[in-house]
Amino acid sequence: MEMVVGGLTVHYEVQGDGPYVFLLHGWGSNLSLFRDVADTLSARYRVVSLDFPGCGGTDEPDEPWGMDEYVRFTASVISSFSPDEIILVGHSHGGRVAIRLATDPGLPFTVTKMVLVDSAGILPARSFMYHVRVRTYKAGKAVLSSPPVAAMFPDALARFQSHMGSTDYSAASPVMRASLVKVVNADLEPLLGSITAETLLVWGELDADTPLSDGQTMEKAIPGAGLVVLPGAGHYSFLDQAYTFRKVLESFLQIG
């Protein structure tokens, strides 16, 4: 299915009937990774899965987005269904957006429950080597983007950025790279204490992208939150331990 939001054609899927659940995927992913989760939830809920801009079948924005743009976009998609109350399930970047939605008092709907899966939103401690790497990147970018060097070596900057950046950064277009830089530097920790939605945290024990310590920080900060750790699972814990994740979700959302 498709709708137009803010001039962007948005790809989404809907299944099941009942109270609304919205599935928000992680950076560089798409709604297809949540299909098994949607199948589970549709036994009791009306499940809406969507592709974020620049992912799956949704258009890329014309300019780099930060968290404000992602929140406005997602709120507009949700509002198009006119729900009074919703449940959010967000993985990684989707969790970051879910946290912002759950703490925004100006929205026309209320987030009653939330499942954050290996969620982003906690800024990592920056090591000395991180700052060295950042300075190296900025210096290299300045040199390679200068007109004389760019004219002589037109592909050098792109190769340098690919080498220095993360996998997500390297795979993204220029607009999405700039968007990634904006969102990864958003510190949502100050918002956690104001979350009123009943919140379940699910984390992969071996998550190397948003480490388990992030989940433990969220558990302490979010009132009444519970944390479930999936042994042996990584950043995509809902795929690595699909059966256990499904059972946890069914229990929390009272399915079956």
Side-chain angles (χ1 to χ4, degrees), residues 23-37 51-52 54-56 66-67 70 88-100 114-137 160-173 176-192 199-222 225-249:
L23 303 183
L24 308 178
H25 66 75
W27 188 270
S29 182
N30 59 70
L31 61 79
S32 67
L33 290 190
F34 265 144
R35 285 221 171 91
D36 287 345
V37 175
D51 284 336
F52 279 127
C55 299
M67 285 306 303
Y70 275 101
L88 293 174
V89 179
H91 172 248
S92 194
H93 173 63
R96 187 190 278 125
V97 175
I99 291 169
R100 280 288 306 270
M114 182 163 59
V115 182
L116 300 177
V117 187
D118 301 287
S119 179
I122 303 294
L123 288 184
R126 304 302 193 186
S127 67
F128 172 75
M129 288 308 300
Y130 168 83
H131 293 289
V132 170
R133 188 176 178 86
V134 169
R135 287 195 292 270
T136 300
Y137 172 78
F160 175 74
Q161 289 176 323
S162 177
H163 174 72
M164 293 293 293
S166 66
T167 301
D168 284 338
Y169 185 87
S170 300
S173 69
M176 298 308 294
R177 285 179 180 177
S179 298
L180 179 60
V181 170
K182 286 188 172 187
V183 299
V184 299
N185 288 311
D187 182 11
L188 304 189
E189 191 169 356
L191 300 178
L192 299 178
T199 303
L200 171 67
L201 305 165
V202 183
W203 236 266
E205 176 191 21
L206 306 179
D207 189 339
D209 296 304
T210 53
L212 178 57
S213 59
D214 289 1
Q216 293 166 335
T217 296
M218 290 188 181
E219 182 186 24
K220 293 177 182 177
I222 300 173
L227 172 63
V228 175
V229 180
L230 300 184
H235 187 56
Y236 290 85
S237 61
F238 66 101
L239 297 177
D240 294 342
Q241 294 284 357
Y243 176 81
T244 304
F245 178 80
R246 184 170 69 251
K247 291 302 179 183
V248 169
L249 204 59

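FYI, side chains are in, hydrogens and waters are out, and symmetry mates aren't considered; it's all heavy atoms of this structure.
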Evaluation steps, side chain to side chain contact (heavy atoms under 4.5 Å, CB included), between Ile222 and Leu116: CA-CA 11 Å; Ile222 300 173; Leu116 300 177; 4.3 Å; yes
Verdict with supporting geometry, Leu227 and Leu212, side chain to side chain contact (heavy atoms under 4.5 Å, CB included): CA-CA 10 Å; Leu227 172 63; Leu212 178 57; 4.3 Å; yes
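Residues Asp209 and Ser92 form no side-chain contact, since every pair of their non-hydrogen atoms from C-beta on lies 4.5 Å or further apart. Counting only heavy atoms from C-beta outward, the side chains of Ser179 and Tyr70 approach each other to under 4.5 Å. Residues Met218 and Trp203 meet the side-chain proximity criterion, which asks for heavy atoms closer than 4.5 Å. Side chains of Val183 and Val97 form no contact here, defined as non-hydrogen atoms less than 4.5 Å apart. Residues Ser237 and Val117 are in side-chain contact: their nearest non-hydrogen atoms beyond the backbone lie under 4.5 Å apart. At a threshold of 4.5 Å between non-hydrogen side-chain atoms, the residues Thr210 and Ile122 do not count as touching.
Taking CZ from Arg35 and CG from Asn30, the interatomic distance works out to 7.5 Å, rounded to the nearest 0.5 Å. Here Leu88 contributes atom CG and Thr199 contributes atom OG1; the two are 9.5 Å apart, rounded to the nearest 0.5 Å. Here the straight-line distance linking atom CG of Asp118 with atom CG of Asp214 works out to 10.0 Å at 0.5 Å rounding. Expressed to the nearest 0.5 Å, how far CG of Leu230 lies from CD of Gln241 amounts to 6.0 Å. Atom CG of Leu24 is separated from atom CG of Asp51 by 11.5 Å, given to the nearest 0.5 angstrom. Taking OG of Ser29 as the reference point, atom NE2 of His93 lies at 11.0 Å (rounded to 0.5 Å).
Pairing each heavy atom of Leu33 with each of Leu239, the nearest pair is O-CD2, 3.8 Å. Considering all non-hydrogen atoms of both residues, Ala120 and Arg96 come closest at CB-NH2, 3.2 Å. Closest approach of Gly232 and Glu205 over heavy atoms only: N-OE1, 2.8 Å.
The main-chain N or O of His235 is found under 3.5 Å from a side-chain atom of His91 such that the two form a donor-acceptor pair.
For the ring-ring contact (aromatic ring centres under 6.0 Å, His included) test with His25, the passing option among Phe52, Phe238, Phe34, Tyr236 is Phe52; the others fail.
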